[in-house]
Number of protein chains: 2
Amino acid sequence: MSEASSPALSTALAYHRAWTGHDFDRAMTYIADDIVCEAPSGRLEGAAAFRGFMEPFTHILTDSHLIAAFGDESTALVMYDTKTLPVASAPGAECLTVVDGVITHLRIIFNQAPFIAAERAADGE
Amino acid sequence: MSEASSPALSTALAYHRAWTGHDFDRAMTYIADDIVCEAPSGRLEGAAAFRGFMEPFTHILTDSHLIAAFGDESTALVMYDTKTLPVASAPGAECLTVVDGVITHLRIIFNQAPFIAAERAADGE
């Protein structure tokens, strides 16, 4: 399904464009108040917890590009690459559930290892 | 596109079912000789290098389930969760390019951090 024919993909990409465009207030308009996010660091519940996890990432984001995106009525699947200050290539994948135009569930996969290594290097370990 | 209408998804899921079913010989029948794989550990070129990377993972795999899968004529996007001996939940996402029924490019995203932590714990660090 293309973005035009998949309501879930349309919302997922609107959210994606907002956060990769450094407009997190706009990104949050696509997030349900009771969103559940399954992240590498664990399960997050509610919009505030989600914002606390995801917004700081946008502060270190310097570039991004979409690798692939698909969706149907209620589910979207998105893969992208990002360039960040500590890590040159940090790709991610998200599976998003969309209900009434907002994201109610988001599973995100990315590799924490290079971020942990960069942090240790910065700490002089 | 459903599996029936997406040639790429059909091949991607046949590959997925083979490796999650512990039949790596069968999995390799869906892999192009000159496959390029972009993995967290770096770029791998050729079927032998790919097998050397992916097959050992199937030896520690104890369970898996598909989270979402989409595709079109030439591209498939798949997300799944796996249970492994060292890591209880190790989800992954793959973007696969399929040409003439075989996978020519595979980008895989997963979190290396819990595997590194498990290895360190096993080493008594």
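Lettering of chains follows the sequences in order, A, B, ..., and the numbering in each one begins at 1. Just so it is clear, the structure is predicted and the values come from calculations on it, not from any experiment.
Linking ILVMFWY residues whenever their side-chain heavy atoms come closer than 4.5 Å, directly or via other members, leaves A/Leu44 and A/Val102 in distinct clusters. A continuous path of hydrophobic side-chain contacts links B/Ile103 to B/Leu66 [ILVMFWY only; heavy atoms under 4.5 Å]. Under a hydrophobic-cluster definition in which Ile, Leu, Val, Met, Phe, Trp and Tyr are linked whenever side-chain heavy atoms come within less than 4.5 Å, directly or via other members, B/Val36 and B/Ile31 are assigned to different clusters.
For A/Ile116, the part lying near chain B is the side chain, with the backbone staying farther off; criterion is any non-hydrogen pair under 4.5 Å.
Other residues, nucleotides and ligands contribute more than 12 heavy atoms inside 6.0 Å of the CG atom of B/Asp23.
Distance check: A/Asp72 CG to B/Phe70 CZ gives 4.0 Å after rounding to the nearest 0.5 Å. A distance of 10.5 Å separates CG of B/Asn111 from CZ of A/Phe115, quoted to the nearest 0.5 Å. To the nearest 0.5 Å, atoms CE (A/Met79) and OG1 (B/Thr75) are separated by 11.0 Å.
Taking each heavy atom of A/Ile109 and B/Ala93 in turn, the nearest pair found is CD1-N, 4.1 Å.
Comparing A/Ser89, A/Cys95, A/Pro40 by how many heavy-atom pairs each has under 4.5 Å with chain B, the most go to A/Cys95.
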